[in-house]
Amino acid sequence: MTNDMKEIFSNGTAKGRPGGEAAPAPAALAAKVRTLAPSMTRSMQRVAEAVAADPAGCAALTVTGLAELTGTSEATVVRTARLLGYPGYRDLRLALAGLAAQQQSGRAPSVTADIAVDDPIADVVAKLAHDEQQTLADTAAGLDTIQLGAAVTALAAARRTDIYGVGASGLVAQDLAQKLLRIGLVAHAHSDPHLAVTNAVQLRTGDVAIAITHSGSTGDVIEPLRVAFDRGATTVAITGRPDGPVSQYADHILTTSTARESELRPAAMSSRTSQLLVVDCLFTGVTQRTYETAAPALSASYEALAHRHSPRTR
């Protein structure tokens, strides 16, 4: 082992990582692998895919053994462990052992989201249901509640909130805006990039801007967030790629997971499930913080629309 590797493994702690930072729980490991693997280098992907596919087998391997299994180096294995949130490889092995034990005690059903053109509709329902359940579980496991709480605090006190999203993420932006409006807050969703930027120019300290982008690199969403950031607004990114360009202009990052892509269900569709969960968490948190004003506002909006849900009489 080289001197650099010895330094990395000294006391089981990765060099340069704060010693007090907690490693993810075993349940969060699988979620982090699924979320971060697409943004890793190919060699790191091989390590991540190996530990996700066979946690029990990898837990029994030394760092050298896992490097040989995946055709990578010891340094790559350690970098992958650190990216997944573990101080060193020893900590990753412990998490793998815990994950393997959880799987043995309650193994997930053997169903995948690989939907074929000729699948019976009952199989389609079962596969999609399992896929969405996994996506929600992964998002919940990987969501940073400290960042979430900070975003809720900013939203609850905001003079105004602008939300940016295009395509499927634009639908999620509209959902959050209408939720905030129903509890009496000023919120606007923007899917037109020009309108988004012209509105972002009007933001200032005390306002909030939220960018929703699964890829983390959607220019039409990043540009207004950058403008809002420069104007002093509190900025939030809801993204599946926390290391993407959008993070440069986000005060708070809320990471979403996504179901595996397939030919019939691209990322733009599957990512919406996890985005909506984050939106519901934000809305519920804000409602709790502003309950004295939110409850009457919800009641008033319900009463205003009640007649539209009742049968018309002649």
Side-chain angles (χ1 to χ4, degrees), residues 31 34-39 112-115 117 119 124-125 127-143 147-148 151 155 161-182 187-197 199-200 208-226 228 235-250 252-284:
R34 280 185 285 266
T35 299
L36 296 177
S39 62
T112 72
D114 297 324
I115 300 172
V117 173
D119 271 350
V124 172
V125 171
K127 289 180 178 182
L128 287 178
H130 177 265
D131 190 49
E132 300 228 349
Q133 288 169 4
Q134 187 64 65
T135 298
L136 292 172
D138 286 354
T139 299
L143 193 58
Q147 292 285 305
L148 178 64
L155 281 170
T161 298
D162 278 13
I163 310 158
Y164 316 123
V166 296
S169 296
L171 300 176
V172 179
Q174 291 177 26
D175 182 66
L176 178 55
Q178 68 90 11
K179 280 179 164 66
L180 295 176
L181 286 168
R182 290 196 68 175
H188 305 282
H190 301 289
S191 58
D192 182 303
H194 292 178
L195 190 59
V197 170
N199 275 268
V208 173
I210 300 175
I212 305 176
T213 164
H214 170 66
S215 68
S217 58
T218 307
D220 288 343
V221 168
I222 294 174
E223 179 62 13
L225 191 73
R226 181 192 64 77
T235 53
V236 179
I238 300 176
T239 180
R241 302 288 182 266
D243 57 345
V246 72
S247 64
Q248 299 177 59
Y249 308 110
H252 309 295
I253 300 175
L254 305 178
T255 304
T256 60
S257 179
T258 182
R260 291 188 301 111
E261 292 187 59
S262 68
E263 184 180 5
L264 298 180
R265 196 164 188 255
M269 295 173 62
S270 60
S271 62
R272 191 171 66 248
T273 300
S274 54
Q275 291 172 346
L276 287 170
L277 173 61
V278 173
V279 161
D280 281 349
C281 290
L282 283 171
F283 170 71
T284 302

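For clarity, every value in this text was computed on a predicted model and none was experimentally measured.
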Rounded at 0.5 Å granularity, tell me how far [atom1] in [X] sits from [atom2] in [Y].
X	Y	atom1	atom2	result
Leu148	Thr284	CG	OG1	9.5 Å
Leu155	Leu176	CG	CG	7.0 Å
Ile210	His252	CD1	NE2	10.5 Å
Leu276	Thr139	CG	OG1	10.5 Å
Thr273	Asp131	OG1	CG	8.0 Å
Leu277	Arg272	CG	CZ	14.0 Å

Those residues at least two apart in sequence (or on a different chain) that pass side chain to side chain donor-acceptor pair (under 3.5 Å) with Thr239 are none
Measure across [X] and [Y] and return the closest heavy-atom pair with its distance rounded to 0.1 Å.
X	Y	result
Ser247	Gly244	OG-O, 2.7 Å
Ala200	Asp162	N-OD2, 4.2 Å
Ile222	Gly216	CD1-O, 3.7 Å
Cys281	Leu143	SG-CD2, 4.4 Å
Thr161	Leu180	CG2-CD1, 4.3 Å
Ala173	Tyr164	CB-C, 4.4 Å

Are the side chains of [X] and [Y] in touch, meaning some heavy atoms are under 4.5 Å apart?
X	Y	answer
Lys179	Asp280	yes
Gln275	Ser169	yes
Val172	Ile238	no

Check: [X] side chain, [Y] main-chain N or O, donor-acceptor pair, under 3.5 Å:
X	Y	result
Ser274	Ser257	yes
Gln147	Leu254	no
Thr235	Ala209	no
Asn199	Leu195	yes

